[in-house]
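One structure is given here, and the rest of the page talks about it.
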Amino acid sequence: MIDFEQEQMLENPEWCLVLRHYSQMQVQVKEQDPEADGWVVRQNEVEGVVVEHLPRIHGKLIAFDLLKFQIAGRDAGVFYKVTTAGNKMLPRLEKKLRKLAAGQDADQACEVEQDYAKSA
């Protein structure tokens, strides 16, 4: 994994949401049909992501080799699958995002305590 890619992913949490969504969808597909190849139909809505951002996010994830696609025909549309690199990166990203969130919570708590101390 290249540091640039990880940095970009961390700076754009929506990208992580989309990657995680496809990863979860792949697991669901495999649970429903163990013979399935893991391809997931293009998602036009992902919780926590602005719909207008999805085309660009799909492109970035493909460019970073975290998501691959196949065109299944005019009627079937586009299908996506998380790559091996994407599956390896996702747990590390989520761990770092949790640490960042915890750090921000701690920073915010410190700011509140400082504000309270100043007002006392």
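The figures that follow rest on heavy atoms only: side chains count, while hydrogens, waters and symmetry mates do not.
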Could you give me the CA-CA distance, side-chain angles and deciding distance for K68 and I62, then say whether side-chain contact (heavy atoms from CB on, under 4.5 Å) is met? CA-CA 6 Å; K68 56 185 171 180; I62 292 166; over 6 Å; no

Please evaluate residues L54 and V18 with respect to the criterion side-chain contact (heavy atoms from CB on, under 4.5 Å), reporting the C-alpha separation (whole Å), side-chain torsions for both, the decisive distance (0.1 Å), and the verdict. CA-CA 8 Å; L54 280 172; V18 173; 3.7 Å; yes

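- In this structure, C16 SG and Q8 CD are separated by 11.0 Å, a value rounded to the nearest 0.5 Å.
- Between the side chain of Q26 and the main chain of V82, a donor-acceptor pair closer than 3.5 Å is present.
- In terms of heavy-atom proximity, Q6 sits nearest to M89 at N-CE, 4.4 Å.
- Within the structure, ring-ring contact (aromatic ring centres under 6.0 Å, His included) pairs that include any residue of residues 79-99 comprise Y22-Y80, H58-Y80 (at least two apart or interchain).
- Atom CZ of residue R56 and atom NZ of residue K60 lie 5.0 Å apart, to the nearest 0.5 angstrom.
- Within the model, atoms CD of Q24 and CG of L90 stand 8.5 Å from one another, a figure rounded to the nearest 0.5 Å.
- Listed by chain and residue number, H21 satisfy the side chain to side chain donor-acceptor pair (under 3.5 Å) test with Q43 (two or more places apart in sequence, or in another chain).
- Residue I57 holds its CD1 atom at 11.0 Å from CG of L67, rounded to the nearest 0.5 Å.
- Tracing side-chain contacts under 4.5 Å through hydrophobic residues (I, L, V, M, F, W, Y), one never reaches L61 starting from V51; they form parts of separate clusters.
- Q70 is linked by a side chain to side chain donor-acceptor pair (under 3.5 Å) to nothing, counting only residues two or more places apart in sequence or in another chain.
- Residues in residues 43-54 take part in no salt bridge (charged side-chain N to carboxylate O under 4.0 Å, His left out) pair, two or more places apart or across chains.
- Taken to the nearest 0.5 Å, the CD atom of Q28 stands 10.5 Å off from the OG atom of S23.
- No continuous path of ILVMFWY side-chain contacts below 4.5 Å connects L17 to V50, so the two sit in separate hydrophobic clusters.
- Heavy-atom contacts from other residues, nucleotides or ligands closer than 6.0 Å to CZ of R42 number more than 12.
- Residues satisfying the side chain to side chain donor-acceptor pair (under 3.5 Å) test with E14, not counting sequence neighbours, are H53.
- Remark: F64 CZ to L19 CG distance equals 11.5 Å, nearest 0.5 Å.
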Start with the C-alpha gap between K99 and K96, add the side-chain angles, then the distance that decides, and say whether side-chain contact (heavy atoms from CB on, under 4.5 Å) holds. CA-CA 5 Å; K99 283 183 180 179; K96 287 188 181 256; 5.5 Å; no

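- When the side chains of ILVMFWY residues are joined at heavy-atom separations under 4.5 Å, either directly or via intervening members, V27 and L66 end up in two distinct hydrophobic clusters.
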Taking distance alone, no hydrogens or angles, what donor-acceptor pairs closer than 3.5 Å link side-chain atoms of residues 31-41 to residues at least two apart or in another chain?
residue, atom, partner, partner atom, Å
D33, OD1, E35, N, 3.1
D37, OD1, W39, N, 3.2

